[in-house]
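Presented below is the structure to which this report refers.
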Amino acid sequence: MPVDIARMTKVFGRPESLTQARSTYCPGCHHGIITRIIGQTIDELGIAERTIGIAPVGCSVFAYLWYRCDALQAAHGRASAVATGLKRARPDLVVFSYQGDGDFASIGTAESIHAANRGENITVIFVNNQIYGMTGGEMAPTTLVGQHTATTPDGRDPATTGYPIRFSELIAQLDAPVYVTRQALYDTRRIMDCTKAVKKAFQNQVEGRGYSLVEILATCPTNWHMSPIQSNQHVADTVTKVFPLGDLVNRGA
Amino acid sequence: MRERYLLRGNEAIAESAIRAGCQCYFAYPITPQGELVEHMAHNMPRLGRTFIQAESEVAAINMVYGAAAAGVRTMTSSSSPGISLKQEGISYLAGANLPAVIVNVVRGGPGLGNIAPSQCDYFQAVKGGGHGDYHMIVLGPSTVPEAGELTMLAFDLADRYRTPVMILADGLLGQMMEPVELPAPIDMASLPAKEWAATGARGREPNIILSFDLSPDNLKKMNLALQAKYAEIRKNEVRYEEAETEDADIVIVAYGSTARIAKTVVRMARAEGIRLGLFRPITLWPYPYEPLRALADRVDTVLTVEMSAGQMWEDVRLAVAERANTPFYGEMGGIVPTPKEILTEVRKHAR
Amino acid sequence: MPRGVVVVDGERCKGCGLCIAACPQKVLASSGTLNNSGYDVVHMKNPDACVGCAFCALTCPDIALSVYREKTSA
Ligand SMILES: Cc1ncc(C[n+]2csc(CCOP(=O)(O)OP(=O)(O)O)c2C)c(N)n1
Ligand code: SF4
Ligand code: SF4
Ligand code: SF4
Ligand SMILES: [Mg+2]
């Protein structure tokens, strides 16, 4: 029996806050899911007309193309400083930065920590895929011990390269942040949890509460040399052992 | 109504920035521009404006990038090593067509150098210390009142051309106290709206602010647009001063604090019958090549005096193009040349 | 169970297979048809089993799926 969708209820579609532009990400890359979650959040909060996105340098350098809102592209690692300047200039706007692990937790370490420490009223989406995706799969500060990357061909050796940095835990030590959480996307339940976390991080800003950070454990099937499904499994089985999921800071309402 | 104050160069710049409507100021402390930061720390919050002591100069210039993108007037200041750290950010500002004012109160270099006055950052300022084919407007004040005036101008030029503008001062000017007449604060409502700014896409298409394009064809177009803007600036904004050049056989070319000292030298030389004049570039970019070339046709010697190993000297020689002798006299390391020393040099070239 | 329908935007689908794994009803599968970018587009292999839960769409990184559900009361 043919179904007539005109007589059905649409329960899922493209968020209005997203443009029609096609994503530049590889098949199965979690950057795309996060984009959709942010778009949906902007829709639900009705803030598209006053939201400004800050794109980093990394695979998400084109993030400004995805949202129907004003956007900037920031220098590598400096998105939190750029967000600070913008938000201080126009506190009525909703400002979010979208940063990879190299961007946020390596080259941008100082800017990331100090924006958090000042309690800037911004929302930071920190995409931890344990790799430098854009430049061809080099080691990130978050790369797991033993993980093979383009610059750790024999696996990450803590003796010379240290250990994966739990940056959200560092930020959680500070007094100012109101919300610091680590989320993942490897199954439907995690996607739903992450969606709630992202919404909360935006809501905090809209309500003037202060700095919110959502770290998201993401995949990079291309540079992990795994299928998208194997990548999800890897996050579930291995990555979450090093980077435990859950709220690290949740102050106030 | 103009008000009269006794101010250091650093304070005159800070106070003028406030009167020019600077809404957000971000900086990291460094000598010899500490008074500038302190003046802003004291006054900006009282006016309901933003002052952030940033975690670094890198952070400060990127905060400027964010505030400029939001369409407000914004400034950062520093001294030589700190300005080196800002270079990537300045290149991004130029590439993204964002207006901003950057103050460099130059100190002795290279490296940590010292905190004494110098002009050793000229190349970095006018040739582009960051990456890419860009320029910024560079203004070289030589007195405290002029530091104030050029700061007001810097904000106007930045907005008019959507470009970073640098005030290239030096430690001497920053620390020196002089009476200054400050103009009344500008009426912010009189400034044209910035339709391009990231202020929320309400009833319009999104505004996107960026400095890149992966397509070489498009990036070339972006560069051509920048070059067209620079041509416009070169045509409209060249500023310089000539003193006692009408009958001169020799002219000194100097900017900033050195030009101020050179004015004394002109008086001393004239007193002993040497027909000396002064040519003082006020815009260091765009450089006043044509007027200097015209002057070179009328004199025997164009003597460049600088607190550097001879950086502006290259532009002087480009301008003069063998039309006159182009000797150089300079000091380095934070040593300020005295009028007597410069006069001795002038005498060597007198008829 | 209400019936659901998934509409695939064939040009957005990158054939990553995440939706196939996410579907609790085993509705989706590769179609074997390549789109203009060369990706094997997903399709509803067992359309009758679809309950319109949208788990597939939640996991799709390319927002290639729209989900419709039968109205429960008319
Ligand atoms: C100053 C500077 N240094 C280096 C680079 C090169 N670069 C571009 S993206 C990148 C790493 C990005 O990794 P990450 O932030 O983890 O983002 P991903 O691509 O993994 O999403 C690097 C090193 C640059 N663009 N600018
Ligand atoms: S390289 Fe990795 S992070 Fe980048 S788009 Fe591809 S899968 Fe995603
Ligand atoms: S809506 Fe639910 S049942 Fe239908 S295809 Fe998607 S995941 Fe499967
Ligand atoms: S998840 Fe999306 S892109 Fe991947 S196969 Fe399914 S429809 Fe295609
Ligand atoms: Mg990464």
Side-chain angles (χ1 to χ4, degrees), chain A residues 1-40 59-60 66 184-195 218-222 226-233 235-236, chain C residues 1-30 34-44 46-74:
Chain A
M1 189 185 74
V3 267
D4 178 8
I5 58 167
R7 293 178 45 228
M8 301 176 90
T9 314
K10 190 170 191 176
V11 291
F12 192 100
R14 193 173 184 79
E16 301 238 317
S17 304
L18 296 183
T19 65
Q20 292 299 320
R22 282 213 204 125
S23 112
T24 50
Y25 299 122
C26 306
C29 172
H30 281 183
H31 273 305
I33 307 180
I34 304 170
T35 304
R36 198 263 305 153
I37 290 174
I38 294 172
Q40 188 179 315
C59 282
S60 44
W66 316 144
L185 302 166
Y186 57 78
D187 64 17
T188 308
R189 197 188 124 200
R190 304 317 122 165
I191 292 172
M192 288 173 167
D193 287 351
C194 182
T195 307
T219 58
C220 175
T222 301
M226 293 180 195
S227 74
I229 289 168
Q230 285 170 333
S231 298
N232 273 355
Q233 202 59 49
V235 177
Chain C
M1 280 278 179
R3 263 189 77 194
V5 173
V6 173
V7 178
V8 182
D9 181 338
E11 286 311 313
R12 287 190 192 277
C13 176
K14 289 180 182 157
C16 71
L18 286 180
C19 57
I20 300 174
C23 174
Q25 302 292 109
K26 308 248 180 299
V27 172
L28 303 169
S30 301
L34 303 188
N35 64 14
N36 285 325
S37 310
Y39 294 119
D40 185 347
V41 175
V42 94
H43 77 146
M44 292 180 86
N46 303 310
D48 292 345
C50 178
V51 294
C53 66
F55 286 9
C56 53
L58 279 180
T59 200
C60 174
D62 287 275
I63 323 174
L65 304 178
S66 311
V67 182
Y68 298 81
R69 205 183 292 162
E70 226 165 42
K71 289 186 177 119
T72 36
S73 59

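So you know, we letter chains A, B, ... as the sequences are listed, proteins then strands, and number each from 1.
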- Quick one: which of A/His30, A/Gln40, A/Arg7 has the most heavy-atom pairs under 4.5 Å with chain C, could you say? A/Arg7
- Task: Against chain C, label A/Pro221 side chain, backbone, both or neither, depending on which of its atoms sit under 4.5 Å from a heavy atom there.
- Result: neither
- Region of A/Gln20 in contact with chain C, defined by heavy-atom distances below 4.5 Å: both
- Compare every heavy atom of A/Arg14 with every heavy atom of C/Asp62, then report the nearest pair and how far apart it is. O-NH1, 4.3 Å
- Query: Is chain C contacted by the side chain of A/Ala21, its backbone, both, or neither, given a heavy-atom distance below 4.5 Å?
  - Reply: backbone
- Using the side-chain contact (heavy atoms from CB on, under 4.5 Å) rule, pick out the option among A/Thr195, A/Thr188, A/Leu185, A/Ile33 that qualifies with C/Leu58. A/Thr188
- Query: Are the side chains of C/Tyr39 and A/Pro27 in touch, meaning some heavy atoms are under 4.5 Å apart?
  - Reply: yes
- Task: Under 4.5 Å, counting heavy-atom pairs only, tell me which of C/Leu18, C/Val6, C/Asp9 racks up the most with chain A.
- Result: C/Leu18
- Would you find a donor on one side and an acceptor on the other, under 3.5 Å apart, between the side chain of C/Lys14 and the backbone of A/Cys29? no
- Taking all non-hydrogen atoms of both residues, which atom of C/Lys71 and which atom of A/Thr9 are closest, and how far apart? CG-OG1, 3.3 Å
- Query: Contact part of C/Ile20 toward chain A, heavy-atom cut-off under 4.5 Å: side chain, backbone, both or neither?
  - Reply: neither
- Item | chain C contact via A/Ile34 - side chain, backbone, both or neither, heavy atoms under 4.5 Å | neither
- Query: Nearest 0.5 Å, what's the CZ-SG distance between A/Phe12 and C/Cys60?
  - Reply: 8.0 Å
- Query: A/Met192 and C/Phe55: side-chain contact (heavy atoms from CB on, under 4.5 Å), yes or no, with the steps?
  - Reply: CA-CA 10 Å; A/Met192 288 173 167; C/Phe55 286 9; 3.8 Å; yes
- Item | Neighbour count >12 (heavy atoms, 6.0 Å) for atom CD, A/Glu16 | no
- Message: At a heavy-atom distance under 4.5 Å, which candidate from A/Pro15, A/Ser231, A/Pro228, A/Gly13 has the highest pair count against chain C?
- Response: A/Pro228
- Which atom pair, heavy atoms only, marks the closest approach of C/Glu70 to A/Met8? N-CE, 3.3 Å
- Item | chain C contact via A/Ile229 - which portion, at a heavy-atom distance below 4.5 Å | both
- Message: Below 4.5 Å, heavy-atom pairs only: which of C/Ala54, C/Ala57, C/Ala21 has the largest tally toward chain A?
- Response: C/Ala57
